Peer 1: 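Okay, handing you the structure first.
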Amino acid sequence: MKTMLPSSSCPQIAVFFLVQGLIAFLLFSYSTFRKNDPVLQENTQVLPQPVTDINSTHRERSLVILLWTWPFGEHFTLNQCPPPYESDECFFTADRSLYKSSDAVIFHHRDVCYSRKQMPEIPRPPGQYWVWFNLESPSHSPNLAFMDNLINLTMSYRSDSDIFTPYGWLEKNDAIQNFTIPKKSMLVAWVVSNWNPQSQRVHFYEELKKYIQIDIYGRQHKPLASGNMQENLSQYKFYLAFENSQHRDYITEKLWRNALVSGTVPIVLGSSRENYEKFIPRDSFIHVDDFPSAKQLADYLLELDKDTQKYEQYFKWRSTWRPNGDEGWATHYCKACRALKDAPPYRTIPTLVKWYT
Ligand SMILES: *[C@@H]1O[C@H](CO)[C@@H](O)[C@H](O)[C@H]1NC(C)=O
Ligand SMILES: *[C@@H]1O[C@H](CO)[C@@H](O)[C@H](O)[C@H]1NC(C)=O
Ligand SMILES: *[C@@H]1O[C@H](CO)[C@@H](O)[C@H](O)[C@H]1NC(C)=O
């Protein structure tokens, strides 16, 4: 390593090179370690030669993907992607000192959208992709115009994103399954953390609860331990999967995890029925728009409550598909690896403003 140190007396430059050398060494060891090749495994006994050119080393082996911030400051384990996203071709890091040698930088919108200073202030290395990542709806994504002429690829719940990171999805069962409907002793549940009395969903709830019993959980309501949440919700026949805002493809864990994975029938308020049907079978959910009024919806729910056979029709699709809720931040980021390998060499998104609505 010593040979790498320049003769310069400037201590900052020396430290810079030392750090670069150390990073190169760590990256090299890391990718060597990850290879399953037995020859390579054996060679781990032999210390790798000091790497003088960080670029040539990791470019052959992996794409370096930099998380510019931890999303909302939440930390998680990098480089342990679950199948089918496991790959030793990408190296994820949150270490900004690797900025210059990163092939892609992922910007989580809400962490960088409040000031331009939160984006890199040094020039972008040639060929580096800037990836815009956001799971919040347009109503909660301020300052989209900050991203004008900066972004190369999008990563969001929108199905037309370059990297599609939905809150949930269906998987096909290998064989026809007899899904067992969880035992039901309760009628309608709603878990809500952001209680905004002016919102459309609260207005609708206030109307609906005049006609049918609704158990409401959340910050300003009955507490619901998150540990047993799904078990708890599974005892309800219906779940109010009401989104905080209505936008194309904005279908969150309220539908996927709280309702479908828990084994209840979702009553959705959000984008149009047509939009939901892009993702889930039409007989898997009830849309508030299916009824001219909250009272008529309540009447229908009470009817289903009495007619078991009719209620069970809402579970028919489960013989073929099973719902999955996303398993946290790591998996979303893991999806970026393959997408970046397949990304066109040049791509730019002049503005997000007209698209992200
Ligand atoms: C599912 O139920 C049907 C009818 O009750 C039965 O014939 C079939 O063998 C069951 N399949 C499985 C995978 O249990
Ligand atoms: C769900 O949990 C709450 C509080 O943790 C409890 O009061 C309620 O009885 C539970 N409901 C069911 C159906 O288990
Ligand atoms: C990404 O977009 C920027 C801004 O338009 C552009 O300067 C840069 O060349 C693009 N990079 C790639 C890899 O497409």
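For ligands, and for the atoms within them, numbers begin at 1 and follow the listed sequence. Values reported hereafter were calculated over all heavy atoms of this structure, with side chains retained and with hydrogens, waters and symmetry mates removed. These figures come from a predicted structure and were not determined experimentally.
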Peer 1: Output all residues satisfying salt bridge (Lys or Arg N to Asp or Glu O under 4.0 Å) with Lys335, sequence neighbours left out; order by chain, then residue number.
Peer 2: none
Peer 1: Would you check ligand 3 and list the protein residues that come within less than 4.0 Å of it by any heavy atom, ordered by chain and number?
Peer 2: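 Contacts of ligand 3 under 4.0 Å: Arg124, Gly127, Gln128, Tyr129, Asn149, Asn152, Pro345, Tyr346, Arg347, Thr348.
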Peer 1: Could you check whether Tyr157 and Tyr250 have their ring centres less than 6.0 Å apart?
Peer 2: yes
Peer 1: Is the Tyr239 to Phe285 ring centre distance short of 6.0 Å?
Peer 2: no
Peer 1: Taking the six-membered ring for Trp, are the ring centroids of Trp70 and Phe76 within less than 6.0 Å of each other?
Peer 2: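 Yes, the ring of Trp70 comes within the 6.0 Å limit of the ring of Phe76, centre to centre.
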Peer 1: Step through it carefully: locate the ring centre of His108, locate the ring centre of Trp329, and say whether they are under 6.0 Å apart.
Peer 2: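 Centroid distance His108-Trp329: below 6.0 Å, so yes.
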Peer 1: Centroid separation under 6.0 Å, is that true for the rings of His221 and Trp190?
Peer 2: no
